[in-house]
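What follows is a single structure, written as structure tokens, with notes after it.
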Amino acid sequence: MSTFLLQLSDLHLFAEPDGVLREVPTRDSLAEVLEAVRGTGLDFDRVVLTGDFTHDERRETYQAVHGLLEEWLDRCHVLPGNHDERVLLRDVFSDQAGGTDRGICFSRSVGGWRLIGIDTHVPGEVPGRVEPAMLDWLAGELSEHAAEPTILFQHHPPIAVGSAWLDSIGLLDPGPFQELVTGSPQVRAVSCGHVHQECVGTLGGAVVLTVPSTGVQFVPLSATCRVDSIPPGFRVFALETPSDSVAVESVGWSTRVVRLPAVTFPAVDE
Ligand SMILES: [Fe+2]
Ligand SMILES: [Fe+2]
């Protein structure tokens, strides 16, 4: 029996329903992605949104996203990106944005796995940071639940993705976070948003993953910002139920990115 997770990221919606970012009408694109999510036929146990909900950081935009996600709200966790406003996100997603004054975060046991979400948002800045209070909280969770296979979710990737312009706006001062993950063998994956593309790397024993945006895509391995014409998408995880006979580092899991079948909206290079 498997536990299924859905990860959505980088929605970049506008208050205006027909708002466009780099020629992509982001609200229509999200609606199409959600239709593709339904099309998988999977009953997702949890849905994690890894930030950049809006491009205008307006209350009505968060409310629009909240409305579009209605059927998943009872199993949804949200995390802020750089294009977010923490107070508004918390206000509108009051049941889905957990945490304390250290930031928006969550730690839940689902199907024998530990899912942890971390806030990397720095108000007014594009790059992210795992603040010391958040890192302390994460260290406590990892220590308390060391026997559970674990997936971390956050907006900013903790390692370089090979695009100079994105790597310059990634996670600032990633050393302490990297050290913590490297010293926590139960962490099987760190799955992030922010880079609007699919990418895979490693950090200690963990796989570092990124997901496409539900709207605009960026060309991988590019020195400068270039918009990709590849369709938007989302990430799915299938997690096997742990058993006493299997070590925490060996519990089975798989993941894949699912993209829309065709380029629905025109995209252009800058
Ligand atoms: Fe984004
Ligand atoms: Fe971002």
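Read the numbers this way: they start at 1 and go in the same order the structure lists the ligands and their atoms.
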With rounding to 10 degrees, D10 OD1, the Fe ion (ligand 1) and H12 NE2 define an angle of 120°
Determine, stepwise, if the pair R58 / E16 fulfils salt bridge (Lys or Arg N to Asp or Glu O under 4.0 Å). CA-CA 10 Å; R58 287 166 63 182; E16 298 74 26; 3.2 Å; yes
Requested in this report: State whether H155 contributes an N/O/S atom found under 2.8 Å from the Fe ion (ligand 2).
Outcome: yes
Q | Aromatic ring proximity, centroids under 6.0 angstrom, H155 and H121 | A | no
Do any N/O/S atoms of H194 come under 2.8 Å of the Fe ion (ligand 2)?
-> yes
Using a 6.0 Å cut-off, check whether atom CD of E179 has over 12 heavy atoms from anything other than its own residue.
no
Closest non-hydrogen contact found for Q154 with L171 is NE2-CD2, 4.1 Å
Among the N/O/S atoms of D52, the Fe ion (ligand 1) lies closest to OD2
